[in-house]
Amino acid sequence: MAPETKLRICPLCEATCGLELTIDGRRVTAVRGDTKDTFSEGYICPKGVALQDIDSDPDRLRTPMIRRTDGWHAATWDEAFAEIQKRLLPIIERDGRNAVGVYLGNPSVHNTGLAIYGQVLLRALGSSNIFSATTVDQMPKQVASAALFGTGLSIPIPDLDRTHYLMILGANPLVSNGSLLTAPNIGERLKRIQKRGGKIVVIDPRKTETANMADEHQFIRPGTDAHFLFAIVHTLFEENLSNPGVIGEFTAGIDDIRALSKQFSPETVAEKCGISAQDIRRFARELAAAPSASVYARIGTCTQEFGTLASWLPEVIHVLTGNLDRPGGAMFTKPAYGGGNTKGAPGKGRGFRMGRHKTRVRGLPEIFGEQPVACLAEEIETPGTGQIRAMFTVAGNPVLSTPNGARLAKALDTLEFMVSLDVYLNETSRHAHVILPGLSPLENCHYDMAFSQLAIRNAARFSPPVFAKPADAPFEWQTILRLTGLLSGAGPNCDTNMLDDMVMLNLIERETKLETSLIAGRDAQEILAALAPRRGPERAIDFMLRTGPYGEGFGKDPKGLTLAKLEAAPHGIDFGPLEERIPEVLRTPSGKIELAPDFIVQDVRRLAASLGGNGNGDLLLVGRRQLRSCNSWMHNTPRLVSGKPRCTLLMNPADAESLGLADADTASVTSRAGTVQAPIEVTDEMMPGVVSLPHGWGHEAADMRLSVARNHAGVNSNLLTDEYHLDPISGNAVLCGIPVTVKLSSKAREREAVAK
Ligand SMILES: Nc1nc2c(c(=O)[nH]1)N[C@H]1C(S)=C(S)[C@@H](COP(=O)(O)OP(=O)(O)OC[C@H]3O[C@@H](n4cnc5c(=O)[nH]c(N)nc54)[C@H](O)[C@@H]3O)O[C@H]1N2
Ligand SMILES: Nc1nc2c(c(=O)[nH]1)N[C@H]1C(S)=C(S)[C@@H](COP(=O)(O)OP(=O)(O)OC[C@H]3O[C@@H](n4cnc5c(=O)[nH]c(N)nc54)[C@H](O)[C@@H]3O)O[C@H]1N2
Ligand code: SF4
Ligand SMILES: [Mo]
């Protein structure tokens with residue numbers, strides 16, 4: 001057969017690049033960026049190229065696996081479901097639904113089938129013990145956005161293509177390709193800011209790849225971004241630079257913030273942050289004077305002690321400098337798929353509540369229906385009503401990605417039963433009793449519903465599967481529906497098509513009940529019939545697009561969007577740059593931007609109380625991402641792990657000298673939670689007093705099926721992070737600024753002694 005080309009949106013990270021695959025039979029022979037993609041401009045990174053390796057990886061699971069006393073066995077789907085029926089249902093019968101916990105990992109958002117049907121599983125299960133990677137990631141941003149604007153994904157996006165001033169804190173988009181900022185080809189987009197005379201400032205304890213291309217970089221002491229940003233707010237008021245413009249009319253609480261900011265003068269915070277008062281004042285003036293400006297704060301500012309405050313203050317600065325909802329400032333996407341801020345009455349909503357229940361052991365509040373994953377181990381370990389006795393992990397690897405992974409790994413081994421929905425037998429799924437594999441990413445369709453809500457353009461793109469799936473393997477959405485049937489008492493072999501119709505009908509009925517919907521009052525069965533013969537995710541996507549902000553509304557606007565139209569535009573449909581959306585985007589009960597919500601104002605006291613101390617002289621550990629890693633799970637492809645070992649501890653020369661350490665020494669790094677050994681790289685890209693170790697490594701366990709990753713094991717940086725160290729507002733884990741001591745590892749010391 002002659003080679004052919006197929007287009008495919010990359011599902012691996014938030015950039016959502018359009019790719020062009022060359023196919024020969026069932027094999028991919030080349031992967032390139034799709035130069036005609038309306039959004040990604042032909043960009044591709046090495047992980048996109050490696051999609052073909054995931055597809056062809058012999059270690060990737062293709063059949064269910066069951067673990068028995070003598071080890072792992074390949075099983076049929078019927079055997080796997082019979083096992084789940086036999087072992088899970090008695091636990092629920094005995095201890096109730098809360099006895100089953102769920103952890104949803106990062107790809108459960110990137111995989112369209114999981115993203116749509118994951119919620120169906122959670123509803124069928126009905127447990128309060130729901131956890132996800134959100135609480136080791138962006139929960140502070142969601143909490144702040146929900147409080148200010150009314151929904152968790154109403155996150156203002158830096159308008160990169162038009163801005164004149166971009167301040168980046170705790171993000172390294174040149175490597176991560178952007179997060180809560182879907183902007184493929186971001187390196188070029190940043191360069192264009194400079195070409196049009198704009199300025200990029202990076203605030204980071206490491207002089208990152210992004211800092212190297214920026215116009216200015218300042219080191220900041222980990223965990224002090226809220227102090228720094230508050231001092232900018234202070235200066236804006238003190239020097240009369242605050243000028244919200246029209247947005248002021250829609251904003252409540254500006255005077256409260258003026259009062260709160262009094263205690264955070266640049267002079268008060270300078271030493272704590274490691275940035276001079278003069279520079280802080282200058283940044284405030286630059287932000288106020290720029291024709292347009294945006295403050296972009298990401299994972300380094302979320303995974304820290306004051307995560308919610310550090311996620312809230314950029315929005316305060318956007319409002320005060322007139323940059324919220326202004327072209328070139330920070331704007332709201334209007335996604336074709338719709339979302340919380342395109343549904344219901346424009347301009348007002350129910351807002352959000354948290355703490356509807358509390359975690360059983362530590363009493364931490366629930367947020368958006370989930371609990372902090374830093375509490376997962378104790379909820380498994382601690383006896384009593386509601387103790388987790390069984391777990392589902394869905395596309396997650398919490399042993400490597402959540403704090404104190406060692407404790408969690410131990411806890412997982414005490415479960416009576418565990419099921420992993422995963423494509424690998426890895427650090428987490430090795431603890432399961434049954435693994436239900438997903439398909440190759442190239443066997444799934446793709447519509448990026450989460451990240452198209454957070455994109456710098458209003459755009460829609462859809463990829464059908466590149467390859468047909470094997471006949472005997474279900475789509476993951478079918479696996480989920482089969483589990484749903486089992487949990488709902490329909491047995492292990494329920495009719496998943498019937499369940500899918502029920503799920504869809506439910507979705508349609510909810511939409512027809514909304515007064516403002518394009519299909520308000522319509523007959524749900526008629527709409528369901530109009531979606532035939534599609535089913536599964538394609539049907540849900542078609543429905544969402546047709547009822548979304550650009551939708552044809554099932555006959556209302558024949559020119560409007562349908563999935564068929566998107567299929568006919570394989571390089572995507574572009575609806576243009578972001579447009580002003582305030583007040584329509586708001587869903588707060590007051591119909592205003594609630595700039596000073598009570599719980600945030602309360603937390604400012606904690607920030608003020610932290611002004612005095614500056615640690616006990618321990619080094620502070622931060623993380624970093626690497627272009628050829630994708631969190632914890634893509635180290636099994638040779639092209640992404642070739643070359644020098646990457647799991648190294650970066651350390652400033654002054655620190656190395658004072659500790660008697662040299663480049664390539666093996667360091668022993670110890671925190672409250674644990675100790676790891678890693679080779680040192682001495683480099684002045686690190687701020688003195690701060691060391692950096694990447695996460696997602698630590699592939700040494702012998703009973704996994706990761707033949708390549710095993711030889712590039714590295715160490716798990718989450719053996720050092722502390723499950724008791726949280727942002728108390730959002731429950732988000734602190735993964736940056738971990739106090740550690742570093743010394744020459746005793747093994748290295750012994751070798752040195754022998755050599756002498
Ligand atoms: N120290 C430290 N820790 C961190 C971070 C940090 O910066 N520092 N970052 C945090 C962040 S931002 C995140 S998002 C988390 C990620 O945390 P997790 O989501 O827990 O971990 P991942 O490494 O993304 O693992 C994804 C899992 O999904 C599986 N998988 C991949 N594709 C599919 C699929 O299509 N179907 C199924 N069923 N499974 C699939 C993979 O095999 C792997 O087991 O890590 C967090 N942990
Ligand atoms: N190549 C690659 N791309 C990825 C991923 C990946 O694993 N590999 N993961 C994806 C995921 S899940 C996410 S969430 C995104 C994250 O994307 P980004 O937010 O860009 O994450 P990082 O690249 O880890 O950059 C975080 C930066 O924060 C800095 N930092 C640490 N502590 C502090 C602090 O207290 N204050 C400040 N100001 N800075 C601090 C670190 O030094 C680091 O440079 O990346 C996504 N993209
Ligand atoms: S930047 Fe992200 S979306 Fe683009 S090719 Fe790389 S992994 Fe895929
Ligand atoms: Mo993430």
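Counting starts at 1 for both ligands and their atoms, following the listed order. Please read these numbers as outputs of a predicted model, since none were measured by experiment.
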Which atoms of ligand 1 are found less than 4.0 Å from any heavy atom of N397? 18 (P), 20 (O), 21 (O), 25 (O), 44 (O)

Do we see a donor-acceptor contact under 3.5 Å between the side chains of R624 and S692? yes

N718, portion touching ligand 1 at heavy-atom distance under 4.0 Å: side chain

Any idea how many protein N, O or S atoms are nearer than 2.8 Å to atom 6 (Fe) of ligand 3? 1

Under 4.0 Å, heavy-atom basis, I'd like to know which part of N426 is in contact with ligand 1: side chain, backbone, both or neither. side chain

Any side-chain donor-acceptor pair under 3.5 Å between D448 and T16? no

On a heavy-atom basis, which atom in Q371 and which in T135 lie closest, and how many Å separate them? O-OG1, 4.1 Å

Side chains of T29 and T22 only: does a donor on one sit below 3.5 Å from an acceptor on the other? no

With sequence neighbours left out, what residues match E427 under side-chain hydrogen bond (donor to acceptor under 3.5 Å, both in side chains)? N397, H699

We want to know whether D413 and H431 form a side-chain donor-acceptor pair, criterion being a heavy-atom distance below 3.5 angstrom. yes

Heavy-atom contacts under 4.0 Å between H110 and ligand 1: side chain, backbone, both, or neither? neither

Hey, looking at atom 28 (O) of ligand 1, which of G696, A395, C13, S132 has the closest heavy atom? A395

Pair R628, S642: side-chain N/O donor-acceptor within cut-off below 3.5 Å: yes

Any idea which part of P107 is under 4.0 Å from ligand 1, heavy-atom wise: side chain, backbone, both or neither? side chain

Can you find a side-chain donor-acceptor pair between S132 and E370 that sits under 3.5 Å? yes

Would you kindly specify which portion of N111 sits under 4.0 Å from ligand 1, judged on non-hydrogen atoms: side chain, backbone, both or neither? side chain

Minimum non-hydrogen distance to atom 32 (N) of ligand 1, winning option of Y424, Y103, W633: W633

Salt bridge check, E723 against R407: does any charged N sit closer than 4.0 Å to a carboxylate O? yes

Taking non-hydrogen atoms only, is L51 closer than 4.0 angstrom to ligand 3 via side chain, backbone, both or neither? neither

Atom 13 (C) of ligand 1: which of D137, T479, L104, I299 has the nearest heavy atom? D137

Option nearest atom 21 (O) of ligand 1 (shortest heavy-atom distance, choices S401, G170, P11, S108): S401

Please state which part of N106 comes within less than 4.0 Å of ligand 1, counting heavy atoms only: side chain, backbone, both or neither. both

At the 4.0 Å heavy-atom cut-off, does R625 count as touching ligand 1? yes

